[in-house]
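Sequential numbering from 1 along the given sequence is applied to the chain's residues.
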Amino acid sequence: MKKMLLKSLSILLAITLVVVQTKNLSAKVIEVGIPSIDESVFELDMDHLYNAMHELNELEFYLEKHAGTSYADLLKTDIEFINQISDSSAPMGVDPETGPPLGIPSFLWGCVFGVVGILIVFMITDNDKVQVKKALTGCILYGVTVAAFYVVYFLWLIDESSGYYN
């Protein structure tokens, strides 16, 4: 009898809570607009775009007229825009020749992905021995950590189970 009364009271309180919340929300005025945002910044201003891209367009026209021009040849020209550009193709700011593969340290490739991570580092870096060694170190460290965890866990299980048989 006591359980039935407690359950009924719980259901009654839950219904009361839902009704009070609904009336409280329906009584409030909800503002739809966000007044702090200037919507004009989302409109495309073609004149501003053309002015911003003028130097890049100048470089493009020069390269169309002089096909086969190298970066060293461009440095000798009078185009000022070239001095601000480097000749390395480094996506996301990572130089593929000196930096880690895809911007992720090789140690983490090996530690998180194991043997697959080592293969990824091997293929991306074209067998860069330093990067592959870092990935192998990460893989080995992960394996040693997992093995140590399981050894401690099994020793703890053996210690706990020995108390049951005494």
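In the hydrophobic clustering of ILVMFWY residues, with side-chain heavy atoms under 4.5 Å counting as a link, Leu136 and Leu108 come out together. There is no path of hydrophobic side-chain contacts, each under 4.5 Å, that joins Val115 to Ile124. In the hydrophobic clustering of this structure, Phe149 groups with Tyr142; members are Ile, Leu, Val, Met, Phe, Trp, Tyr whose side-chain heavy atoms approach within less than 4.5 Å, directly or through other members. At a threshold of 4.5 Å between side-chain heavy atoms, the hydrophobic network of Ile, Leu, Val, Met, Phe, Trp and Tyr places Trp156 and Val146 in one connected group. In this structure, Val152 is not a member of the same hydrophobic cluster as Val144, with clusters built from ILVMFWY side-chain heavy atoms closer than 4.5 Å.
Across Leu141 and Thr145, no two heavy atoms sit closer than the pair O-OG1, 2.8 Å. The two residues Thr69 and Tyr62 come nearest to each other via the heavy atoms CG2-CE2, 4.4 Å.
A donor-acceptor distance shorter than 3.5 angstrom exists from the side chain of Asn51 to the backbone of Asp47, with no hydrogens or angles considered.
Within the model, atoms NE2 of His48 and CD of Glu43 stand 13.5 Å from one another, a figure rounded to the nearest 0.5 Å. Interatomic distance, Leu9 CG to Met4 CE, rounded to the nearest 0.5 Å: 12.5 Å. The line from CD1 of Ile118 to CD1 of Ile140 is 7.5 Å long, rounded to the nearest 0.5 Å.
Within 6.0 Å of CZ in Phe107 there are more than 12 heavy atoms belonging to other residues, nucleotides or ligands.
Exactly one residue among Lys134, Lys133, Gln131 makes a side chain to side chain donor-acceptor pair (under 3.5 Å) with Ser106. That residue is Gln131.
Ring-plane geometry between Trp109 and Phe113 is classed as tilted, the angle between the planes lying from 30 to 60 degrees on a 0 to 90 degree scale.
Between Lys129 and Asn127 there is a side-chain heavy-atom pair separated by less than 4.5 Å.
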task = Dump the intermediate steps for side-chain contact (heavy atoms from CB on, under 4.5 Å) on Asp45 and Leu49, then the final yes or no.
result = CA-CA 6 Å; Asp45 183 12; Leu49 179 65; over 6 Å; no
